[in-house]
Asker: 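Take a look at the following structure, please.
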Amino acid sequence: QVQLVESGGGLVQAGGSLRLSCALSGRTFSNYAMAWFRQAPGKERDFVAAISWSGDSTYYADSVKGRFTISRDNADNTMYLLMNSLKPEDTAVYLCAATLGSGLYQSEYEYGYWGQGTQVTVSS
């Protein structure tokens, strides 16, 4: 059974940076395409970024392009999200997701495995 555990969230001032981590256990990490989503209170879950199983391909939401960087270390079974130039509107619970496959997937319905989430709060 795939298990995903996020870490690295916290409180940061606008303009600051955070790095989130997502560790996968229970299966071979390199077989899974991965992504980050976020959900603010009272809002729908939004796509943030996706990465292919090899790490060679990435895709970002327009709202984070140029500020966030998704990466993965298949030897360490971990995916990362480096978030720079954070804005108050980036405040949300950030969730990592995984799905078997070699592509890049933007829809939450493509992902069958989810972590519990880590809170990111950006103060103005």
Side-chain angles (χ1 to χ4, degrees):
Q1 181 71 0
V2 173
Q3 290 188 322
L4 299 171
V5 178
E6 303 97 335
S7 61
L11 173 64
V12 64
Q13 288 188 332
S17 299
L18 281 175
R19 190 179 79 156
L20 306 182
S21 300
C22 172
L24 184 150
S25 62
R27 291 292 185 270
T28 302
F29 181 64
S30 59
N31 289 341
Y32 290 82
M34 305 287 295
W36 288 97
F37 290 78
R38 65 187 182 186
Q39 189 164 20
K43 295 189 176 181
E44 295 183 349
R45 186 175 296 177
D46 289 332
F47 169 78
V48 175
I51 189 166
S52 62
W53 61 6
S54 66
D56 290 344
S57 299
T58 58
Y59 183 74
Y60 296 91
D62 288 343
S63 58
V64 306
K65 201 173 297 182
R67 299 188 298 123
F68 290 10
T69 302
I70 189 171
S71 63
R72 65 190 294 161
D73 183 343
N74 285 351
D76 202 29
N77 295 345
T78 304
M79 174 181 65
Y80 302 97
L81 185 68
L82 176 61
M83 306 185 293
N84 294 324
S85 302
L86 282 161
K87 305 174 181 180
E89 51 263 43
D90 294 318
T91 295
V93 174
Y94 284 70
L95 305 105
C96 67
T99 188
L100 278 170
S102 60
L104 287 173
Y105 309 103
Q106 182 178 350
S107 171
E108 63 178 293
Y109 301 106
E110 297 282 355
Y111 294 90
Y113 303 99
W114 292 85
Q116 292 297 309
T118 185
Q119 176 70 46
V120 171
T121 303
V122 184
S123 63
S124 57

Asker: Would you be so kind as to tabulate the donor-acceptor pairs closer than 3.5 Å made by side chains of residues 62-70, with sequence neighbours excluded?
Answerer:
from	atom 1	to	atom 2	distance (Å)
D62	OD1	K65	NZ	3.1
R67	NH1	S85	O	2.9
R67	NH1	D90	OD2	2.7
R67	NH2	S63	O	2.9
R67	NH2	D90	OD1	3.0
R67	NH2	D90	OD2	3.4

Asker: Residues in side chain to side chain donor-acceptor pair (under 3.5 Å) with N74, at least two apart?
Answerer: R72

Asker: Roughly how far apart are R27 CZ and Q3 CD, rounded to 0.5 Å?
Answerer: 10.5 Å

Asker: Would a distance-only check, ignoring hydrogens and angles, find a side-chain to backbone donor-acceptor pair under 3.5 Å from S124 to P88?
Answerer: no

Asker: Please identify each residue that fulfils side chain to side chain donor-acceptor pair (under 3.5 Å) with Y94, with sequence neighbours left out.
Answerer: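 Counting only residues at least two positions away or on another chain, Y94 forms a side chain to side chain donor-acceptor pair (under 3.5 Å) with R38.
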
Asker: Name each donor-acceptor pair under 3.5 Å that joins a side chain in residues 75-82 to protein atoms two or more places apart or in another chain, with its distance.
Answerer:
from	atom 1	to	atom 2	distance (Å)
T78	OG1	D76	O	2.9

Asker: Under the ring pair (Phe, Tyr, Trp, His ring centres under 6.0 Å) test, which residues partner F47, sequence neighbours left out?
Answerer: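 If we apply the ring pair (Phe, Tyr, Trp, His ring centres under 6.0 Å) test to F47, skipping adjacent residues, the hits are F37, Y59.
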
Asker: Going hydrophobic residue to hydrophobic residue with side-chain gaps under 4.5 angstrom, can you get from V2 over to F29?
Answerer: yes

Asker: Ignoring hydrogens and angles, tell me if any N or O in the side chain of E6 forms a donor-acceptor pair with the backbone of Q116 under 3.5 Å.
Answerer: yes

Asker: Which ILVMFWY residues can you reach from W53 by hopping between side chains whose heavy atoms are under 4.5 Å apart?
Answerer: none

Asker: Does E89 have more than 12 heavy atoms from other residues, nucleotides or ligands lying within 6.0 Å of its CD?
Answerer: yes

Asker: Do any N or O atoms from the side chain of Y111 and from the backbone of Y105 form a donor-acceptor pair under 3.5 angstrom?
Answerer: yes

Asker: Any chain of hydrophobic side-chain contacts (each under 4.5 Å) joining Y113 to L95?
Answerer: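 No, Y113 and L95 fall in different hydrophobic clusters.
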
Asker: Which residues pass the side chain to side chain donor-acceptor pair (under 3.5 Å) test with T58, not counting sequence neighbours?
Answerer: none

Asker: The criterion is side-chain contact (heavy atoms from CB on, under 4.5 Å); which residues satisfy it with S107, sequence neighbours excluded?
Answerer: Y109, E110

Asker: Would a 4.5 Å heavy-atom cut-off, applied to side chains only, mark K87 and V122 as touching?
Answerer: no

Asker: Could you walk me through whether W36 and M83 satisfy the side-chain contact (heavy atoms from CB on, under 4.5 Å) test, starting with their C-alpha distance in whole Å, then the side-chain angles of each, then the deciding distance to 0.1 Å, before giving a yes or no?
Answerer: CA-CA 12 Å; W36 288 97; M83 306 185 293; over 6 Å; no

Asker: Is there a path of hydrophobic side-chain contacts, each under 4.5 Å between heavy atoms, that joins Y60 and I51?
Answerer: yes

Asker: Under 3.5 Å, sequence neighbours excluded: what are the donor-acceptor pairs made by side chains of residues 8-25?
Answerer:
from	atom 1	to	atom 2	distance (Å)
S17	OG	N84	OD1	2.8

Asker: According to side chain to side chain donor-acceptor pair (under 3.5 Å), who are the partners of Q119, at least two apart in sequence or on a separate chain?
Answerer: T121

